[in-house]
Amino acid sequence: MKKTVLTGIKPTGQIHLGNYIGAIKPALALAEEKDYNPVYFVADYHGLTKIHDPHEMKQLSYGIAATWIALGLNPEKSIFYRQSDVPEIFELSWILSCFAAKGLMNRAHAYKDAVEKNRAAGKDLDDGVNMGLFTYPVLMSADILLFNTDLVPVGKDQLQHVEIARDLAEAFNKNYGETFKLPEAIIEKESSILLGLDGRKMSKSYNNTIPLFAEPKKLRKLINKIKTDSLPPESPKNPDDSIIFSIYKEFADQSEVKAMREEYNKGISWGDAKQALFELMNTRLEEPREKYNELMASPHKLDEILSYGAEKARMKASEFLKEIKGKAGF
């Protein structure tokens, strides 16, 4: 039997290279495998923990959907939907919350990070923390478990979400008998946390990202800001310590990676390395960028695609939820 692979992205800002390399790229590769059933979604209700402007929410959600399609996701060969269009997810979220220990939620990374930031700022530890932020790992577990997911592509820093889903599935199964599959995380063997322009983890909170579909002029400007060391142009350089090379190899084929590695070993100026990265990225992203802009200008097309996906998602979800509720006595 085919395995179900599921992933979603929340609309809290523009898609950047970290999102693409850590989640979208490996997910798209799996979608092309004949042994997998891809279930991919726009996690708009997760975005509500931070985004409270309705226009911004709608546009950012469209942006996530347009990104998936522009990069090659085929809605005919996958289940691709907007989270808010599948109410069964939220019903399951409540059921799972009744099996989620508060201590487990206390240890969730997003909540712990918020608490530590408040502690450092001398604020009340829960200042600015809403219940959506505190309990969103439960909703994420519902996203995963409702579709009998086998595999979840995640970045290394998102591994905890899959572990929590497994914990909740085991708690339910222990009480009511075998019901949920225990999902497994997929982390690319060579993947690591992508560094941003300043050498820290690429993150919107650090303002050090490169938007995936930045126009050429802005793309060049951002690439030129990438932090480098002070080695002179003619000195050999270690490609494995270079932010520029770490991004380059994500867009290059094997021969291009090999050739660029040799350039580093022989000695390449950082200016030339940045120019090579710009030319490669701009070429590889030209067609997806055009498709993305076309879709963003035609939101009705995105609505049609997402509605079609929601119908397929609900057909699958409603049947399983009925089984889950029956076991719980409803």
Side-chain angles (χ1 to χ4, degrees), residues 1-10 19-43 46 64-65 67-93 95-96 139-156 158-159 161-170 172-173 176-191 302 304-327:
M1 292 180 63
K2 289 186 176 183
K3 291 186 175 182
T4 295
V5 55
L6 176 144
T7 194
I9 296 178
K10 59 183 179 180
N19 305 135
Y20 171 65
I21 293 169
I24 299 177
K25 184 183 177 185
L28 288 170
L30 287 172
E32 294 298 317
E33 296 285 340
K34 63 180 181 179
D35 295 332
Y36 296 117
N37 288 318
V39 179
Y40 299 157
F41 65 99
V42 179
H46 283 297
I64 301 294
T67 297
W68 280 109
I69 302 300
L71 290 172
L73 183 67
N74 186 342
E76 296 292 338
K77 296 182 180 180
S78 62
I79 298 178
F80 179 58
Y81 57 95
R82 189 165 34 206
Q83 183 190 35
S84 58
D85 290 336
V86 185
E88 289 82 2
I89 295 169
F90 310 104
E91 192 168 353
L92 178 58
S93 181
I95 294 171
L96 294 177
L139 178 54
M140 187 169 291
S141 296
D143 290 323
I144 295 169
L145 298 177
L146 185 58
F147 291 94
N148 276 311
T149 302
D150 296 286
L151 306 169
V152 186
V154 290
K156 289 183 178 179
Q158 300 292 308
L159 180 61
H161 299 149
V162 183
E163 294 172 344
I164 290 175
R166 290 174 62 92
D167 288 344
L168 299 186
E170 287 181 323
F172 188 95
N173 290 350
Y176 296 116
E178 287 301 311
T179 306
F180 295 113
K181 289 183 179 180
L182 301 185
E184 296 181 7
I186 299 180
I187 301 175
E188 285 194 310
K189 292 181 180 179
E190 296 182 0
S191 81
L302 291 170
E304 290 175 0
I305 292 170
L306 292 168
S307 294
Y308 170 67
E311 288 180 14
K312 293 198 290 183
R314 294 199 67 187
M315 285 180 63
K316 188 177 180 72
S318 60
E319 183 178 344
F320 189 33
L321 182 62
K322 185 177 180 180
E323 176 189 340
I324 294 164
K325 291 172 67 176
K327 288 188 175 184

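Nothing fancy with the numbering, it's 1 onward along the sequence.
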Show me, pair by pair, the donor-acceptor contacts under 3.5 angstrom made by side chains of residues 2-9, not counting sequence neighbours?
from: Lys2; atom 1: NZ; to: Lys34; atom 2: O; distance (Å): 3.4
from: Thr7; atom 1: OG1; to: Pro153; atom 2: O; distance (Å): 3.4

Exercise for the section: Please lay out, stage by stage, how Leu92 and Leu321 fare under the test side chain to side chain contact (heavy atoms under 4.5 Å, CB included). Expected result: CA-CA 7 Å; Leu92 178 58; Leu321 182 62; 4.3 Å; yes

Problem - Candidate pair Ile324 and Phe172, rule side chain to side chain contact (heavy atoms under 4.5 Å, CB included), full reasoning - result: CA-CA 9 Å; Ile324 294 164; Phe172 188 95; 3.6 Å; yes

Practice task
Start with the C-alpha gap between Thr67 and Tyr20, add the side-chain angles, then the distance that decides, and say whether side chain to side chain contact (heavy atoms under 4.5 Å, CB included) holds.
Solution key: CA-CA 9 Å; Thr67 297; Tyr20 171 65; over 6 Å; no

Handout entry: Candidate pair Phe90 and Gln83, rule side chain to side chain contact (heavy atoms under 4.5 Å, CB included), full reasoning
Key = CA-CA 9 Å; Phe90 310 104; Gln83 183 190 35; 3.9 Å; yes

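Residue Leu182 holds its CG atom at 8.5 Å from CG of Leu145, rounded to the nearest 0.5 Å. Between atom CG of residue Asp85 and atom CZ of residue Arg314 there is a gap of 9.0 Å, rounded to the nearest 0.5 Å. Between the CG atom of Leu302 and the CZ atom of Arg82 there is a distance of 8.5 Å, given to the nearest 0.5 Å. Remark: Ile164 CD1 to Leu159 CG distance equals 10.0 Å, nearest 0.5 Å. Atom CG of residue Leu306 and atom CD of residue Glu304 lie 10.5 Å apart, to the nearest 0.5 angstrom. Once rounded to the nearest 0.5 Å, the distance linking NE2 of His46 with CG of Leu139 reads 4.0 Å.
In this structure, the side chain of Thr149 does not engage the main chain of Pro183 through any donor-acceptor pair within 3.5 Å. The backbone N or O of Glu32 lies less than 3.5 Å from no partner atom in the side chain of Lys77, so there is not a single donor-acceptor pair. Of the possible polar contacts, none joining the Ser93 side chain to the Ile89 backbone as a donor-acceptor pair under 3.5 Å is found. Distance alone, capped at 3.5 Å, places no donor-acceptor pair between the Lys327 side chain and the Asn173 backbone.
Pairing each heavy atom of Pro75 with each of Ile305, the nearest pair is CG-CG2, 3.7 Å. Nearest heavy atoms, Trp68 versus Ala27: CH2-CB, 3.9 Å. Annotation for Ile24 and Leu71: closest pair CG2-CD1, 3.7 Å, computed over non-hydrogen atoms. The two residues Ala65 and Phe80 make their nearest non-hydrogen contact at CA-CZ, 3.8 Å. Summarising the geometry of Thr179 relative to Gly177, their closest heavy-atom pair is OG1-O, 2.9 Å, with the distance given to 0.1 Å. The two residues Lys181 and Asn148 make their nearest non-hydrogen contact at CD-O, 3.5 Å.
Two residues are said to be in side-chain contact when any heavy atoms from C-beta on lie closer than 4.5 Å; Leu151 and Leu30 fail this criterion. A heavy-atom distance below 4.5 Å is found between the side chains of Leu73 and Ser78. Within the 4.5 Å cutoff, side-chain heavy atoms of Lys325 are placed close to those of Ile95.
Within 6.0 Å of atom CD in Glu184, 12 or fewer heavy atoms from other residues, nucleotides or ligands are found, so the atom counts as exposed in its surroundings. Counting non-hydrogen atoms of other residues, nucleotides and ligands closer than 6.0 Å to CD of Glu319 gives a total of 12 or fewer.
Under the salt bridge (charged side-chain N to carboxylate O under 4.0 Å, His left out) criterion, Lys316 pairs with no residue at all, not counting sequence neighbours.
Between Phe41 and Tyr81, the ring planes are parallel. Angles under 30° get that label, and only those over 60° would be called perpendicular.
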